[in-house]
*Asks:* 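Sharing a structure below in structure tokens format, with a few things to ask.
We count residues from 1, following the sequence as given. Values reported hereafter were calculated over all heavy atoms of this structure, with side chains retained and with hydrogens, waters and symmetry mates removed.
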Amino acid sequence: MKKYCNKIIELALLTLIIVTPLLFSKETESTFLITKETFSKSVILFMTMVWLIKISSSNEVKIYKSPMNLPILFLVLAAFISLFKLVHSSAIHLSLWDMSNLICFIILYFIICETIRTGKQIERILVIFVLIGGFTALYGVLQYYGIDYFHYWVGNAGRKRMFSTFGNPNFVAEYHIAILPISLIFFLFGSSLWKKVVGGFGFVIASLCLLISQTRGSWVGFALSIIFLCIMLKLKDRKVFADAKRTIRVILILAIIILLGFGVADLQKHGLMEVRAVVNRAYSIFTFGDEFRRFVWQGTIIMIKEHPFTGVGLGGFKQRYPEYQAKFLERDEYPSYVQASNVPQAHNEFLQVWAEMGILGVAAVIWLVAALFYNGISILKNLKTPYMWKLETGMLAGCFAVLVHAIVSFPFHLASTASVFVPLCSLISVMGSGEFCDTASPKHKENHSVESRAPSRWIPVAQILIIVLTVICTVITVRPIMADIYLKIGGAYLKERRWDIAKEYITKGISLNPYDGKLHFALAVVYNGKGDDDRSIQELKRSLETFKDVNIYNNLGATYMRKGMLDNAIAEWKKAVAVRPDLIDTHIFLGKAYRSKGMLKESEREYKKAIWFMKRAIEIDPGNEELKEKYEILKNEQEKKE
């Protein structure tokens with residue numbers, strides 16, 4: 001039974017790492033993210049079911065001993081403690097969903113550690129990573145140059161024309177930097193010719209894809225990971241590159257050819273402006289030129305200052321961030337920052353952990369990262385064969401690259417990146433067992449076993465219960481993606497103003513996922529189109545419980561205005577411009593509302609703000625003739641009043 005269960009788990013793991021990065025669905029509103037997340041969680045639930053059935057059959061629970069175990073448990077404890085902040089909050093369901101994601105990937109870590117045992121298994125998994133990375137990178141490169149089978153990707157320009165099967169160039173880069181060091185190891189030191197070829201193909205094509213993505217954080221992460229890789233290899237064996245000099249020369253020649261070829265091809269296909277854009281993004285690495293991220297971090301830091309010890313609760317960032325953006329912006333009457341209305345992530349995993357889980361959470365993450373590298377480096381000293389310690393070093397370098405990029409992004413909130421990072425962490429730990437090491441560390445010598453004394457007659461009952469619980473959890477996991485499908489269908493009918501049909505599909509979506517604020521917002525638009533303002537207000541308020549967006553405040557303000565409730569309308573519009581002071585139309589609405597109430601001073605202030613932000617928008621986009629015309633009309637009106 002144990003043997004068959006292990007084979008099933010390994011097959012499910014291979015399915016996870018092959019399908020997750022490739023999967024997307026144009027039938028869903030969120031084409032890429034929710035599809036990958038739902039699939040990966042469903043596969044992990046299946047693996048957990050098989051693992052528990054194996055445990056129940058053998059009457060023995062085995063937990064792989066590793067320095068990473070305690071920090072992982074501490075991280076889970078910090079996450080649970082943070083949930084107490086949200087027990088009575090409407091956002092608790094968002095937190096529980098994020099908690100389920102965390103638990104799923106932690107379970108995946110332990111399952112891999114307990115199941116994968118041989119060098120062939122490890123090598124097979126790594127080769128598949130490189131092959132999938134090469135395939136997705138090749139698709140991204142072809143996509144960038146206009147060769148794409150999927151013709152419904154329309155409208156993207158610049159760097160965003162390349163997103164492969166991930167939906168965003170940043171997500172593409174985050175995935176590939178984890179695999180590139182492993183590809184290089186296969187290319188330089190592969191145990192057979194075909195593995196060298198696979199490694200070379202994966203490294204070359206993924207490097208080009210990384211360049212095209214124009215993702216600065218990934219460029220830095222990749223560069224530092226290669227430096228880390230070389231240092232670790234040289235420390236282990238000073239002559240490590242002696243036999244690979246010819247291959248290294250080939251890599252350098254290929255790199256020069258690729259850079260020249262990319263430059264010429266990009267110049268012919270997209271013009272000088274595109275090449276200049278790549279150069280400018282590279283230069284901005286040294287000038288810290290990402291204004292948007294610095295802006296988001298300012299709001300996040302204010303959140304941390306107000307909740308330093310317990311955080312705002314796991315998953316609470318996306319719900320609480322708008323109010324802290326407003327607090328940051330209120331210090332300047334005419335802020336010139338790059339602003340955003342819906343920021344679900346902090347674009348820095350370490351800041352977000354601190355904001356959501358407090359000092360305990362960030363301490364757990366730091367401990368976990370330290371344990372990962374302490375564990376991996378200590379294992380390197382005892383590995384039996386040079387080939388295995390080279391693979392171990394490649395995996396450590398891949399994890400290092402992702403952690404560097406996590407400073408400016410959110411790779412651990414993406415199923416595609418997590419489905420690489422977590423298996424790599426597991427395989428690094430597995431290498432510490434006696435099967436790979438000459439002298440295994442006491443912390444890795446054997447699994448900790450706990451014998452179960454449950455009567456054999458209860459085992460079938462337990463296994464049936466495990467299967468039933470897995471089915472229930474899988475259904476819960478799948479419901480949000482089904483609701484997302486209904487949201488997309490309903491949204492299509494909304495655009496056609498077919499209110500009744502749109503309502504039918506959106507209501508079905510809400511029945512599957514009643515905590516999705518976007519669905520309630522869509523239903524509010526339906527009621528607004530049907531002239532039912534009371535129900536529209538009701539749905540807009542429900543939407544705000546789990547989805548904070550300035551469009552909801554604007555719609556609430558407009559609905560209250562139609563009902564003659566000026567004070568309510570002003571209150572909602574003020575919330576909108578607090579988060580996004582550059583909302584020109586909202587300032588104009590406020591100006592009209594204040595004038596209706598006879599508050600002329602306040603009205604003039606709002607019109608002046610609208611004119612100021614219009615002028616700034618024209619400076620950014622001087623070709624916007626419609627905005628120029630609107631600016632002149634409003635400016636002339638104000639001059640006449642003065």
Side-chain angles (χ1 to χ4, degrees), residues 155 157-158 273 277 280 289-296 298-299 322-343 495 521 525 528-529 533 540 548-642:
M273 292 294 291
N280 287 340
D290 195 327
E291 186 181 350
F292 170 74
R293 280 175 172 79
R294 294 202 306 271
F295 170 71
V296 173
Q298 293 285 356
E323 66 185 86
Y324 291 97
Q325 178 170 305
K327 287 181 180 181
F328 174 65
L329 290 170
E330 68 185 8
R331 65 186 69 183
D332 190 349
E333 188 174 5
Y334 294 97
S336 58
Y337 307 100
V338 174
Q339 295 158 30
S341 57
N342 185 20
V343 183
K495 292 177 182 177
F521 183 33
V525 174
N528 180 57
D533 287 340
L540 287 169
K548 293 289 178 68
D549 190 273
V550 294
N551 292 316
I552 302 175
Y553 294 127
N554 275 334
N555 281 28
L556 266 173
T559 308
Y560 281 131
M561 191 70 174
R562 281 197 304 272
K563 289 174 68 65
M565 302 167 69
L566 286 179
D567 290 334
N568 297 68
I570 289 170
E572 297 302 331
W573 282 331
K574 285 175 70 176
K575 291 176 187 176
V577 295
V579 178
R580 285 285 303 275
D582 60 343
L583 294 174
I584 296 166
D585 288 336
T586 309
H587 283 295
I588 294 172
F589 295 152
L590 273 169
K592 291 178 179 178
Y594 280 130
R595 183 175 295 170
S596 298
K597 286 178 66 65
M599 301 169 68
L600 300 182
K601 185 178 179 181
E602 289 80 359
S603 177
E604 292 303 311
R605 182 189 65 209
E606 295 301 327
Y607 281 121
K608 285 181 180 179
K609 285 186 178 181
I611 291 169
W612 189 90
F613 283 110
M614 273 188 192
K615 185 178 179 181
R616 181 170 176 268
I618 291 168
E619 290 171 356
I620 296 171
D621 182 15
N624 193 332
E625 297 299 329
E626 183 180 349
L627 187 61
K628 285 181 180 179
E629 183 180 350
K630 191 174 181 179
Y631 170 74
E632 291 298 331
I633 293 171
L634 187 60
K635 184 181 176 184
N636 291 335
E637 286 179 357
Q638 289 303 109
E639 288 175 351
K640 287 178 183 178
K641 290 174 188 174
E642 292 175 359

*Asks:* Closest heavy-atom contact between Leu329 and Pro581?
*Replies:*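 It is CD1-CD, 3.4 Å.
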
*Asks:* What pair of heavy atoms forms the shortest contact from Ile588 to Ala610, and how long is it?
*Replies:* CG1-CB, 3.8 Å

*Asks:* Name the atoms and distances for all side-chain donor-acceptor pairs under 3.5 Å in residues 556-565, with sequence neighbours left out.
*Replies:*
residue: Thr559; atom: OG1; partner: Asn555; partner atom: O; Å: 2.7
residue: Tyr560; atom: OH; partner: Lys541; partner atom: NZ; Å: 3.4
residue: Arg562; atom: NH2; partner: Asn528; partner atom: OD1; Å: 2.3
residue: Arg562; atom: NH2; partner: Asp533; partner atom: OD1; Å: 3.0
residue: Lys563; atom: NZ; partner: Asp534; partner atom: OD1; Å: 2.8

*Asks:* Are Leu627 and Glu632 close enough that some pair of their side-chain heavy atoms sits under 4.5 Å apart?
*Replies:* no

*Asks:* So does Lys575 pair up with Glu572, basic N to acidic O under 4.0 Å?
*Replies:* yes

*Asks:* For a side-chain contact (heavy atoms from CB on, under 4.5 Å) check, start with the C-alpha distance between Asn624 and Ile618, then their side-chain angles and the critical distance, and finish with the verdict.
*Replies:* CA-CA 7 Å; Asn624 193 332; Ile618 291 168; 5.9 Å; no

*Asks:* In chain order, what residues pass the side chain to side chain donor-acceptor pair (under 3.5 Å) check against Asn568, with sequence neighbours excluded?
*Replies:*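 So Asn568 forms no side chain to side chain donor-acceptor pair (under 3.5 Å) with any residue.
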
*Asks:* Once salt bridge (charged side-chain N to carboxylate O under 4.0 Å, His left out) is applied, do any residues pair with Asp621, and if so which ones, sequence neighbours excluded?
*Replies:* none

*Asks:* Output yes when Asp585 and Lys630 qualify as a salt bridge under the 4.0 Å nitrogen-oxygen rule, no when they do not.
*Replies:*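 Looking at Asp585 and Lys630, the cut-off is met.
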
*Asks:* Nearest 0.5 Å, please: how far is CG in Leu634 from CD in Glu629?
*Replies:*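 Here the interatomic distance stands at 12.5 Å.
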
*Asks:* So Asp582 and Arg616, salt bridge (charged side-chain N to carboxylate O under 4.0 Å, His left out) or not? Walk me through it.
*Replies:* CA-CA 9 Å; Asp582 60 343; Arg616 181 170 176 268; 5.4 Å; no

*Asks:* Looking at Ser596 and Lys592, would you say the former's side chain and the latter's main chain have a donor-acceptor pair under 3.5 Å?
*Replies:*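 Such a contact is found between Ser596 side chain and Lys592 backbone.
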
*Asks:* Calculate, to the nearest 0.5 Å, the distance between atoms CD and CZ belonging to Glu602 and Arg595 respectively.
*Replies:*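 Those atoms lie 12.5 Å apart.
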
*Asks:* Working to the nearest 0.5 angstrom, can you tell me the gap between Lys609 NZ and Thr586 OG1?
*Replies:*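 Taking NZ in Lys609 and OG1 in Thr586, the distance rounds to 12.0 Å.
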
*Asks:* Between Arg605 and Tyr594, does a side-chain contact (heavy atoms from CB on, under 4.5 Å) hold up when you go through it step by step?
*Replies:* CA-CA 10 Å; Arg605 182 189 65 209; Tyr594 280 130; 4.0 Å; yes

*Asks:* Would you indicate whether Lys327, at its atom NZ, is surrounded by more than 12 heavy atoms from other residues, nucleotides or ligands within a distance under 6.0 Å?
*Replies:* yes

*Asks:* Atom NZ of residue position Lys574 - does it have more than 12 heavy atoms of other residues, nucleotides or ligands inside 6.0 Å?
*Replies:* no

*Asks:* Which residues pass the ring pair (Phe, Tyr, Trp, His ring centres under 6.0 Å) test with Tyr553, not counting sequence neighbours?
*Replies:*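 Ring pair (Phe, Tyr, Trp, His ring centres under 6.0 Å) check on Tyr553 returns nothing, list empty.
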
*Asks:* At what distance, to the nearest 0.5 angstrom, does CG of Asn554 lie from CH2 of Trp573?
*Replies:* 8.0 Å

*Asks:* Can you tell me how far apart CD1 (Ile584) and CZ (Phe589) are? Round to the nearest 0.5 Å.
*Replies:*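 Going from CD1 on Ile584 over to CZ on Phe589, the span is 11.5 Å.
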
*Asks:* Mind checking salt bridge (charged side-chain N to carboxylate O under 4.0 Å, His left out) for Lys635 and listing every partner two or more places apart, or none if nothing turns up?
*Replies:*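 In terms of salt bridge (charged side-chain N to carboxylate O under 4.0 Å, His left out), with neighbours along the sequence ignored, Lys635 is linked to no residue.
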
*Asks:* Could you tell me the separation between the NZ atom of Lys597 and the CD1 atom of Ile570, rounded to the nearest 0.5 Å?
*Replies:* 5.5 Å

*Asks:* Which atom pair, heavy atoms only, marks the closest approach of Ala326 to Val579?
*Replies:* CB-N, 4.2 Å

*Asks:* Checking Glu606 now: which residues fulfil salt bridge (charged side-chain N to carboxylate O under 4.0 Å, His left out) with it, not counting sequence neighbours?
*Replies:* none

*Asks:* Let me see the working for Phe613 and His587 under ring-ring contact (aromatic ring centres under 6.0 Å, His included), right down to the final yes or no.
*Replies:* CA-CA 10 Å; Phe613 283 110; His587 283 295; 5.7 Å; yes

